[in-house]
A.B. asks: 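Before I ask anything, here is the structure I am working with.
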Amino acid sequence: MDDLYRDYILDHYKQPRNFGELEPHDLEALEHNPLCGDELGVHIRVCDERIVDLRFQGHGCAISQAAASIASEELKGMTLAEVEQLDADWMIDLLGIPVSATRRKCALLNLKVVRGAVTGDHAWPT
Amino acid sequence: MDDLYRDYILDHYKQPRNFGELEPHDLEALEHNPLCGDELGVHIRVCDERIVDLRFQGHGCAISQAAASIASEELKGMTLAEVEQLDADWMIDLLGIPVSATRRKCALLNLKVVRGAVTGDHAWPT
Amino acid sequence: MPSVAESTLGVRADFPIFAGRPDERPLIYLDSGATSQKPQVVIDALAGHLRDHNANVHRGVYPLAQEADAAFESARAQIAAFTGATPQTTIFTKNVTEAINLVAYSWGRANIGPGDAVLITQMEHHANIVPWQVLCRERGATLRYLEVDDRGELSLSALDAELARGDVRLVAFAHVSNVLGTINPVAEMTARVRAAGAVSLVDGAQAVPQMAVDVEQIGADFYGWTGHKALGPMGIGVLHGRGEILQEMEPFLTGGDMIASVDFQSATWNELPWKFEAGTPMVAEAVGLGAAVDYLSALGMDRVREHERSLTAYMLEGLARVPDLRVVGPPEADGRGALASFTIGGLHPHDVAELVSRSGVCIRAGHHCAQPLMRCLGVGATARASVGVYNDRSDIDALIDALLAAREVFALDAP
Amino acid sequence: MPSVAESTLGVRADFPIFAGRPDERPLIYLDSGATSQKPQVVIDALAGHLRDHNANVHRGVYPLAQEADAAFESARAQIAAFTGATPQTTIFTKNVTEAINLVAYSWGRANIGPGDAVLITQMEHHANIVPWQVLCRERGATLRYLEVDDRGELSLSALDAELARGDVRLVAFAHVSNVLGTINPVAEMTARVRAAGAVSLVDGAQAVPQMAVDVEQIGADFYGWTGHKALGPMGIGVLHGRGEILQEMEPFLTGGDMIASVDFQSATWNELPWKFEAGTPMVAEAVGLGAAVDYLSALGMDRVREHERSLTAYMLEGLARVPDLRVVGPPEADGRGALASFTIGGLHPHDVAELVSRSGVCIRAGHHCAQPLMRCLGVGATARASVGVYNDRSDIDALIDALLAAREVFALDAP
Ligand SMILES: Cc1ncc(COP(=O)(O)O)c(C=O)c1O
Ligand SMILES: Cc1ncc(COP(=O)(O)O)c(C=O)c1O
């Protein structure tokens, strides 16, 4: 079996969780992967400083789509303060596959979008 | 004895012929050697399409000064049409020493000035 | 397998990178469109210059400095001759991107104003888009795009129509597209541009490495290319310009070497080509690029083109056997350069590139610095395989096998 | 001769050019101020990268491309660390000339306007003069010069007086003068410039190769230097900038790699430092420069400085023995970098350089790209001897002997 393209990665890629639009929503953001031009956007509904629902939309490779799908299940229910603390390691650990330096940008795109929506800081990760 | 700094070169350098100003004059030009910033100017008096007198002024290395001095003796009496025909080989032959690619600019500076004064073409030699 | 022999130049051994990789996987290098590998003669020329003849150029009177001068200027002469240009009008830049920026800043700011238009094409590389966006915004001019048709080609009558509008001052276009592979009819295009009183710039980044290019015959006002794609070192590019235009232009970068004299408040400029080369140039890289064009000349650019054309035809055949694979650009190898960009249904190009790399196959995935074209094609990204002098049919066979295997990982044929 | 041992680093054997010249003359290289010779480790790093790890950077997913990426970005990290900077604010250019032009075009055109002044000094290299002339002319601003005094030094109170005029937006000056050798009090100067609300640019071309430089401590807004003088390859320069200023600046060259996304009419920019690096960069040259700064770090920049200071003191003593010789710049070796510029009465510097080259001595003659300074000094040209890590006292002895012999050719002591 392939190291990177594990069954659960392919499963999340082919049947992504929490994809689509969310109307109305309280927070949103859109980011590009400069490597390939892929786009990922997020809609977030917030209640009491906590993420109560979110949806991703856009297109990308298996890594970026699976990462968004896997993360979406964890993000629901987190407080905004918790989201602000999330770092690259959190996402990479969650993915559970060895990600090369080049593909890191794919793996982290969704966290970049979510952090952008929550904190307004679009520079992360540098 | 040095190949380049022959006695007659040093002699022309130390006692340059036809140096100074010439007033009044009919033609003049001034050029820089971009290699070192040296300047050489010329004043030319013309009668009947012929150089009847000329003077160089400026400062430079032994090669450029000796070249100007040696050439000045040949240039007097030439027709303007003849001056237009003069080329780099004429000057290098006249100098009679092996001139490296770098020092060529020094050796040819005076001819560049004279041709500039006579033809208005300051681009020579390219 | 006589067919393999048919499309090999037999030069792989000249390129040391193929002698063995640390991971002992084979190196199936199909990314020459991004950058070429370097023959040993180029590496040796560059290293040998630094080892034996290194000095600063243009000013030293000692022998070592004269050797450096001679090496630099004779490399320029070799490189100019390779593309049918003169040394005086052959300017070294760090890459073709700088060459295009030089024209945009130096010619553009002086000649483009409000009401004027710059015309480029939908198939340009960002290097031949963004400088014109910046120029047009700064000067209040308009940037227009010539359309790419379904075959991935430009239309000369569309060019005529654009020129007939009377506002076009500059037309900039690729000689060979780095995504579609399209070989544009550059001589026909420059002739029309000239007839309309406009100036032409041709981006030859992909063309010079793979076919005989004669800039005199092409007749462009500016023709730029980049050393690293033409078997040369990185860090060096070339801008050929028409002498009269270069003469009239103000310099771009200013500083040492490009001046005739400097006073406190003003300066005068050196002659061509040095007027456009500020500061210490990349001497060893020029020597390396000189060795590269010599190497290519010895192979013969017509042979190089025929080899790569035939290999590209073979690749197009192979790609046609991969289910759900769609190639963009001209359908036949005759009208295209040595590359094929494609998508595979259900597979993202990044995943394709990653999966084929498991068998040592190196291809590129992404927007290839041509996002506007991607939009026109309606795709976010493509995978691209491009061939060089060192490739042969075995590389293509490895690519096709790897693509088929990639589909299996994603179980695309599963019921 | 213990005194020779005292001022040698014992590293000449690391530099293959000294192993023997084709004409079998010794190579007495005293022109490191123009460019340095390269240790074998630098040549090997550059050639090794091209041989084993060559690919285009930033976009490839296959292992070779990742090796190239890693090599390039870890070279950047090494180089940034060498000068106390961060990788994010360490931008690669082709030389320091381009680095200064980048600031003039990108920061200058947005921040300098009519009524503003740019302040430079009389000791600048053309690279730190002409870009400001061009900028000031274009923007209707004034270019003023800080005076150099009889000792070849700048005056801090003159700087204060200039800043007090209230119109100075940018102050640009050399860390070490390439003609006088003067080491300027850069930290004091940048502090004053900052206090006055102006921006500072330091030209570190001569400083970085010969002394420990910490750009954080110096506190300049921009600090540029050039690889080829610091034992590195040609074709690479460095611009360090203050992060906040770089963030606000528009890019200079535009094209591939420096964008985040490109649409038909507009584009957005990549993050630092890539926003300022358009097109394929000089990857192998960065790797080579990384090896160079490693080599220098292993020697220790304080030892390098002490060695070169002591050798310069020895050179000043020797030059004092040559009749009619006048050294320009600071009288003592403590306040000056590793060079001495001089004139000899009755001998033109070109002739001096040519004559000493007969014994293998390589020195430079001319205006050293500092014509305004030449005017201030009242000379057309000077000869300049500059030392590097590979020199020792025997080189200086050869220079002095050759200078004395040159005077004899011109029979300067003849009655
Ligand atoms: C002080 C100084 N500034 C700038 C430069 C220009 O360096 P480069 O030609 O590498 O851009 C030099 C060297 O020539 C120099 O000595
Ligand atoms: C068509 C085309 N133009 C321009 C470029 C830019 O070349 P460079 O990055 O060497 O400036 C490339 C290659 O990336 C290209 O393929």
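Order of the sequence lines fixes the chain letters, A, B, ..., with proteins taken first and strands second; residue numbering starts at 1 for each chain.
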A.B. asks: What part of D/Val283 gets closer than 4.5 Å to chain C, counting heavy atoms only: side chain, backbone, both or neither?
C.D. replies: both
A.B. asks: Distance only, no hydrogens: is a donor on one side chain within 3.5 Å (strictly under) of an acceptor on the other, for C/Asp263 and D/Gln371?
C.D. replies: no
A.B. asks: Checking D/Ala365 against chain C: side chain, backbone, both or neither under 4.5 Å from a heavy atom?
C.D. replies: backbone
A.B. asks: May I ask you to check whether C/Phe92 and C/Phe276 place their ring centers less than 6.0 Å from one another?
C.D. replies: no
A.B. asks: Side-chain contact, heavy-atom cut-off 4.5 Å: D/Met258 with D/Trp269?
C.D. replies: yes
A.B. asks: Give, as side chain, backbone, both or neither, the part of D/Ala65 having an atom under 4.5 angstrom from any heavy atom of chain C.
C.D. replies: side chain
A.B. asks: Side chain, backbone, both or neither: which part of C/Arg384 has an atom under 4.5 Å from a heavy atom of chain D?
C.D. replies: neither
A.B. asks: Looking at C/Lys38, C/Met282, C/Arg51, which one has more heavy-atom pairs under 4.5 Å with chain D than the rest?
C.D. replies: C/Arg51
A.B. asks: At a heavy-atom separation under 4.5 Å, does D/Ile363 approach chain C through its side chain, its backbone, both, or neither?
C.D. replies: backbone
A.B. asks: Heavy-atom cut-off 4.5 Å, strictly under: side chain, backbone, both or neither for D/Glu138 against chain C?
C.D. replies: side chain
A.B. asks: Between C/Leu50 and chain D, with a heavy-atom cut-off of 4.5 Å, which part of the residue counts as in contact: side chain, backbone, both or neither?
C.D. replies: both
A.B. asks: Under 4.5 Å heavy-atom distance to chain D, tell me which part of C/Ala104 shows up: side chain, backbone, both or neither.
C.D. replies: neither
A.B. asks: Using distance alone, with no hydrogens and no angle criterion, decide if D/Tyr390 and D/Ser36 have a side-chain donor and acceptor under 3.5 Å apart.
C.D. replies: no
A.B. asks: Among C/Tyr105, C/Phe15, C/Trp132, who wins on heavy-atom pairs under 4.5 Å with chain D?
C.D. replies: C/Tyr105
A.B. asks: Using heavy-atom distances under 4.5 Å, tell me whether D/Phe18 contacts chain C through its side chain, its backbone, both, or neither.
C.D. replies: neither
A.B. asks: Which atoms of C/Ile259 come close to chain D, meaning under 4.5 Å heavy atom to heavy atom: side chain ones, backbone ones, both, or neither?
C.D. replies: side chain
A.B. asks: For each of D/His126, D/His125, D/His53, tally heavy-atom pairs with chain C at distances under 4.5 Å, and name the one with the top tally.
C.D. replies: D/His126
A.B. asks: Passes side chain to side chain donor-acceptor pair (under 3.5 Å), C/Asp31 versus D/Tyr62? Steps please.
C.D. replies: CA-CA 10 Å; C/Asp31 197 18; D/Tyr62 50 86; 2.5 Å; yes
A.B. asks: Any chance the side chains of D/Asn56 and D/Thr280 put a donor and an acceptor closer than 3.5 Å?
C.D. replies: yes
A.B. asks: I'd like to know whether CD of D/Glu147 has more than 12 heavy-atom contacts from other residues, nucleotides or ligands below 6.0 angstrom.
C.D. replies: no
A.B. asks: Any carboxylate oxygen within less than 4.0 angstrom of a Lys/Arg side-chain nitrogen, looking at C/Glu67 and D/Arg21?
C.D. replies: yes
A.B. asks: Could you tell me if the ring centre of C/Tyr145 sits under 6.0 Å from that of D/Phe264?
C.D. replies: yes
A.B. asks: Measure distances from D/Arg358 to the heavy atoms of chain C and classify the residue's part below 4.5 Å as side chain, backbone, both or neither.
C.D. replies: neither
A.B. asks: For each of C/Pro251, C/Gly237, C/Ala34, tally heavy-atom pairs with chain D at distances under 4.5 Å, and name the one with the top tally.
C.D. replies: C/Ala34
A.B. asks: Less than 3.5 Å apart, any donor N or O on the side chain of C/Ser357 or C/Glu354 sitting next to an acceptor on the other?
C.D. replies: no
A.B. asks: Could you look at D/Pro281 and say if it's the side chain, the backbone, both or neither that has a heavy atom under 4.5 Å from chain C?
C.D. replies: backbone
A.B. asks: Which one, D/Val356, D/Ile17, D/Val361, D/Val262, leads in non-hydrogen pairs under 4.5 Å with chain C?
C.D. replies: D/Val262
A.B. asks: Between D/Ile129 and chain C, with a heavy-atom cut-off of 4.5 Å, which part of the residue counts as in contact: side chain, backbone, both or neither?
C.D. replies: side chain
A.B. asks: Looking only at the side chains, is there a donor atom on one of C/Ser261 and C/Thr268 sitting less than 3.5 Å from an acceptor on the other?
C.D. replies: yes
A.B. asks: Is it true that C/Lys94 and C/Glu285 make a salt bridge, defined as a side-chain N closer than 4.0 Å to a carboxylate O?
C.D. replies: no
A.B. asks: Is the backbone N or O of C/Ala55 less than 3.5 Å from a side-chain atom of D/Thr35, with the two atoms forming a donor-acceptor pair by type?
C.D. replies: no
A.B. asks: Using non-hydrogen atoms and a 4.5 Å limit, figure out which bit of C/Val134 sits close to chain D: side chain, backbone, both or neither.
C.D. replies: side chain
A.B. asks: For a 4.5 angstrom cut-off between non-hydrogen side-chain atoms, does D/Asn270 reach D/Asp257?
C.D. replies: no
A.B. asks: As an exercise: rank C/Asp44, C/Asn54, C/Ile100 by heavy-atom pairs under 4.5 Å with chain D and give me the winner.
C.D. replies: C/Asn54
A.B. asks: Among the options C/Gly366, C/Gly60, C/Ala353, C/Ser266, pick out the one with the most heavy-atom pairs lying under 4.5 Å from chain D.
C.D. replies: C/Ser266
A.B. asks: Most heavy-atom pairs under 4.5 angstrom with chain D, which of C/Met374, C/Met234, C/Glu98, C/His350?
C.D. replies: C/Met234
A.B. asks: Under 4.5 Å from any heavy atom of chain C, what part of D/Asp52 do you find: side chain, backbone, both or neither?
C.D. replies: backbone
